[in-house]
Structure formats: structure tokens, C-alpha cells
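Structure first, then comments.
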Number of protein chains: 2
Amino acid sequence: MVRTARYSEEDFIEATMALVGEGGPAAATMQAIARRVGAPTGSIYHRFESRAAVLGAAWNAAYGSFTRALAPLLHEGRPRDAALAILPWSRENGHRARFLLLHEPVTLFEDTPPPAPQRLELERLEEAFDGAFRACLAVRRGDTQGADALCEEELARAKFLIFDAPIAILRPHLMRGGTLPPFVERMIAELHAGMPVAATQARGPRPAASHEGGPAGIPSHAA
Amino acid sequence: MVRTARYSEEDFIEATMALVGEGGPAAATMQAIARRVGAPTGSIYHRFESRAAVLGAAWNAAYGSFTRALAPLLHEGRPRDAALAILPWSRENGHRARFLLLHEPVTLFEDTPPPAPQRLELERLEEAFDGAFRACLAVRRGDTQGADALCEEELARAKFLIFDAPIAILRPHLMRGGTLPPFVERMIAELHAGMPVAATQARGPRPAASHEGGPAGIPSHAA
DNA sequence: CGCATTCTAAAACGGTCATTCTAATTGGTA
DNA sequence: TACCAATTAGAATGACCGTTTTAGAATGCG
């Protein structure tokens with residue numbers, strides 16, 4: 001090394017997350033990222049090989065931070081606490097939360113997928129998070145046979161309850177940009193009380209629809 | 001009128017929804033839309049004043065079709081059936097479903113908001129759908145005082161249960177592009193059994209977290 | 001039968017963006 | 001101190017996109 005870098009990789013990543021969080025993926029042009037950092041456009045290319053690499057790195061940073069907050073709780077078999085942990089994480093990560101929870105990767109990487117390094121790291125992160133879900137289910141069921149004998153439905157239920165549903169509860173408020181109202185916590189807690197991930201002790205195979213008829217037989221659109 | 005049009009407004013709208021559903025908003029360039037229809041680029045401007053107008057019209061078409069399927073059930077006070085009605089609607093509207101349910105308006109209109117005609121129609125549609133939610137809550141509570149005395153939390157709960165949560169259940173499968181597995185119906189039904197929109201008869205003020213402690217007191221990130 | 005009007009058709013324009021290029025600068029090291 | 005690779009700095013390039021323009025074709029009406 002001979003010259004000390006003035007702008008770090010993290011500077012560009014932070015600027016990218018802020019721009020996407022505020023104005024959507026299209027707002028994060030290379031020139032906008034550079035301007036926000038105070039650097040010339042070309043400097044980004046000394047750290048990242050392309051725009052897709054910057055977006056990929058930003059996504060991995062946000063996703064990594066998020067999963068690091070939830071994974072330990074999942075491994076301890078505490079799905080409800082994991083779902084609730086999304087709240088403090090969102091409050092403490094303004095930029096990151098809006099960036100990660102308001103945009104699907106599809107819309108971020110639609111034009112060009114991120115290059116190999118970022119793609120591989122994302123695969124690692126996703127695999128680790130998936131493993132945490134499976135471990136959580138195994139713990140809740142008191143499984144000794146490991147976390148492999150899970151059907152697709154069980155995993156989908158867990159991901160919905162711990163990940164997608166809390167995010168759906170938060171999304172309207174993240175979008176409006178204000179602070180999260182206190183009732184979002186109540187809603188997540190109620191959700192987990194009424195539709196548990198998996199029963200701890202034997203509690204009957206499934207809660208089953210309690211009133212107003214079973215789950216089968218959707219009426220068609222009207223009446 | 002003097003010359004019969006070869007390409008209709010609906011042609012361009014349909015192509016737009018298909019392109020966005022397949023490749024995200026950036027895939028729906030004016031040239032791509034025209035190419036898919038088989039028309040020259042300029043022809044679109046005989047029907048729409050700008051790209052934002054095309055996207056807005058497409059959004060309104062999809063959103064209108066969706067709300068027309070749900071609103072009657074809401075007005076009848078059948079929130080569970082409304083949530084379940086999203087399933088057949090999605091199966092019958094491949095393009096539309098992926099377009100509407102996989103993309104937030106924020107990411108569609110980030111650069112330029114749609115012009116007045118489309119913006120106004122969207123406001124009408126949103127107001128009508130909002131009214132349906134309020135009506136549903138009023139019916140469920142047996143309210144005689146109308147649908148105005150609703151707190152923010154009640155409305156947020158209803159929208160989550162009937163709209164956002166079912167969509168969150170469907171999203172992974174819409175993304176993969178395959179057919180919807182049968183267990184998504186069970187999940188929606190269970191959700192409504194465990195966390196009802198509003199009790200029909202007096203059933204106690206709130207279900208309250210049944211086991212493993214009340215809703216208050218989130219542990220911080222670990223342990 | 002021709003004309004006004006609405007459309008198709010395709011090329012052209014202006015702007016923006018990602019990326020590259022050239023030159024100047026920096027600061028640890030020999 | 002003199003060097004030199006890594007970096008800053010900012011302009012230049014080439015591609016693509018939304019929109020406009022120009023020209024020609026079709027059709028109902030007088």
C-alpha cells in the first residue's frame with residue numbers, strides 16, 4: 001500500500017442503502033452514490049467491479065446484520081422472540097431496514113445479477129438462515145432425529161410466522177417513514193399465540209379452525 | 001373516427017403486466033412493450049401520454065380486478081372468505097397476480113408518478129377498498145354507529161389479516177412461478193382461526209397470548 | 001370520389017447512466 | 001529524500017431509453 005484510501009467500501013455501501021431506502025433502486029445511480037459520499041464517480045470502481053456488485057454487497061450487509069440478530073434465537077428454539085426481535089433491529093437500523101424489508105431482491109437485481117463474490121456470499125447467508133429455521137423447528141418438536149425430516153409445509157409456516165408476517169406488519173409503517181407504533185408488537189405476539197410454529201409438548205396435531213366451518217371449501221367470488 | 005386501430009389500450013396494458021411480472025419494472029421499457037405487442041414504439045403514445053401513464057393504467061387494471069373480487073365479501077362481513085378469495089384470483093390471473101402482488105407501487109413509480117387521470121383513478125380505487133375494510137369491521141362488530149369509530153390498530157389488523165398476510169403466504173410461490181401448493185389455503189384458514197379480525201359475538205376483549213408469557217417484554221437480541 | 005383525420009411505421013433526438021480513461025496526487029517505504 | 005503503486009479526480013465514451021418527429025397508409029363522411 002502506498003496511498004491511504006479516503007473512501008471505504010462501507011461508505012459506498014451505506015450510501016447505497018440510504019439512497020435505495022429513500023427513493024427506490026433507481027435512485028441509487030453510481031453518480032448519486034458517489035455524490036452522497038463526496039467522492040468522484042470513478043472511485044467506486046476501485047472497490048467494486050460494477051453497480052451490481054455494490055447493490056449485492058449492500059444487500060449482503062443488510063441481510064447479514066438482520067440474520068445475525070435472529071439466528072441465535074432460532075437456534076434456541078424461540079420463534080416468537082425471533083419474530084419480535086425484528087422490531088428493535090428495525091428501529092436501530094433505519095437505512096438498512098427500509099432497504100432490506102421494503103425491496104425484493106428481484107427488483108434490485110432485475111437488470112444484472114450480482115457477480116460471483118456477492119452471489120456466493122448471499123448463498124452462504126441464505127443457507128445459514130435456512131438452517132436456523134430448521135434447527136428451530138427441530139428444537140420445538142423435541143426432535144432427536146435432526147432437522148432434515150421437515151416437510152415443505154412446516155418450513156413455509158415457520159418462515160411465514162417468523163419472517164414474512166412480521167415484515168408485512170411493519171411494511172406500512174416503514175413505508176410512511178415514521179416511527180413504529182406500539183401495537184405492531186401486540187400484533188406479532190398475537191399472531192404467534194394464535195398460530196404457533198410448532199407445539200412444544202404434544203398438544204394435538206393441529207389447532208384446526210375453531211369456529212365458522214373448516215378450512216376447506218372456499219366459496220367462489222361472491223355470495 | 002377514420003381509421004380503425006390495430007393495437008388497443010388493453011394490448012399495451014397486458015404486455016406491460018406480463019413484462020413486469022416476468023422481469024421486474026425495469027424490463028417494461030417502451031420498446032419492450034411495443035415489441036411484445038408487435039407494434040412500433042411510437043404507437044403507444046397514441047394511447048398513453050407517457051410510460052408512467054402506461055404503468056399507472058396497468059396497476060389500476062390489476063388492482064381494480066383484485067378489489068372487485070374481494071370487496072363484496074368484505075361488505076358481507078366475511079373477512080376469512082375474502083382472504084381465501086385471493087387464491088382463486090391469483091390462479092386465474094397469472095400475469096396480473098405477479099404484477100400486483102410482487103411489486104410495491106413505490107418501486108414502480110419511483111422515477112415519475114403517473115399523471116392525473118391514472119392517479120385519480122387509483123385514489124378512487126384505494127378509497128373504495130378502504131371503505132370495504134371499514135364496512136367489514138363494522139359488520140363484524142354488529143355496529144350500528146357506522147364504520148367511522150375505528151382506531152388505527154383495528155384497521156391495521158384487518159388489512160394485515162385479509163390483505164398483507166395472505167399475500168406474504170403466496171409470495172414465495174408466486175416468485176418461483178409454479179402453481180400454488182394446497183397448503184397455502186390451510187395456512188390462511190389457520191391464520192384467521194387463530195387471530196380473528198373481530199369477534200362476532202362478545203368473546204372477551206382480546207384473545208391474549210395463551211402460553212409462554214404475555215406480549216410485553218421483548219428480550220434484546222440474544223438470550 | 002376525395003378529403004380530413006386517425007392511425008401505423010420507423011427513424012431521429014436529447015438526456016442519462018454505467019463504465020472507462022487519463023492525469024494528477026498521496027504517503028509508506030527503500 | 002526519492003520512488004511508485006494505489007488512489008483521487010473528473011472528464012470522456014458508448015449504449016440505451018423515453019419521447020418526438022416525419023412520412024405514409026387507411027377509413028368513414030360529405
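Numbered from 1 within each chain, the chains take letters A, B, ... in sequence-line order.
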Nearest-Å distance, [atom1] ([X]) to [atom2] ([N])?
X: B:Met30; N: D:dT20; atom1: CE; atom2: P; result: 10 Å
X: A:Tyr45; N: C:dT20; atom1: OH; atom2: C1'; result: 9 Å
X: A:His46; N: C:dA24; atom1: NE2; atom2: P; result: 16 Å
X: B:Tyr7; N: D:dA26; atom1: OH; atom2: P; result: 13 Å
X: A:Arg47; N: D:dA6; atom1: CZ; atom2: P; result: 12 Å
X: B:Arg35; N: D:dG18; atom1: CZ; atom2: P; result: 11 Å
X: B:Asp111; N: D:dG18; atom1: CG; atom2: C1'; result: 11 Å
X: B:Glu9; N: C:dT8; atom1: CD; atom2: P; result: 12 Å

Side-chain-base donor-acceptor pair under 3.5 Å for A:Arg3 and D:dT7: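 Under the 3.5 Å cut-off, the side chain and the base do form a donor-acceptor pair.
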From D:dT19, C:dA18, C:dG27, nucleotide with atom closest to A:Thr4 side chain: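 Nearest to the side-chain atoms of A:Thr4, counting from C-beta on, is C:dG27.
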Closest-nucleotide ordering on DNA chain D, the 5'-leading residue of B:Ala26 and A:Ser43: A:Ser43
NZ/NE/NH1/NH2 to OD/OE distance under 4.0 Å, A:Asp111 and A:Arg51: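 Salt bridge: yes.
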Carboxylate-amine/guanidinium contact B:Glu154 B:Arg140, below 4.0 Å: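 Between B:Arg140 and B:Glu154 there is no salt bridge, as every charged N stays at least 4.0 Å from the carboxylate O atoms.
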Side-chain N or O of B:Arg6 closer than 4.0 Å to phosphate OP1/OP2 of C:dA9: yes
Minimum side-chain heavy-atom gap B:Pro114-B:Leu122 below 4.5 Å: no
Contact check, side chains of A:Trp89 and A:Leu100, non-hydrogen atoms, under 4.5 Å: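 A:Trp89 reaches A:Leu100 side chain to side chain.
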Ring centre gap for A:His173 and A:Phe183 strictly below 6.0 Å: yes
B:Phe66 ring center near B:Phe99 ring center (under 6.0 Å): no
For DNA chain D, the residues among residues 49-59 of chain B that have a non-hydrogen atom under 4.0 Å from it: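 B:Ser50, B:Arg51 - these, ordered by number, are the residues of the stretch whose heavy atoms sit under 4.0 Å from the strand.
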Aromatic ring pairing B:Tyr63/B:Trp59, orientation class (parallel under 30°, perpendicular over 60°, tilted between): parallel
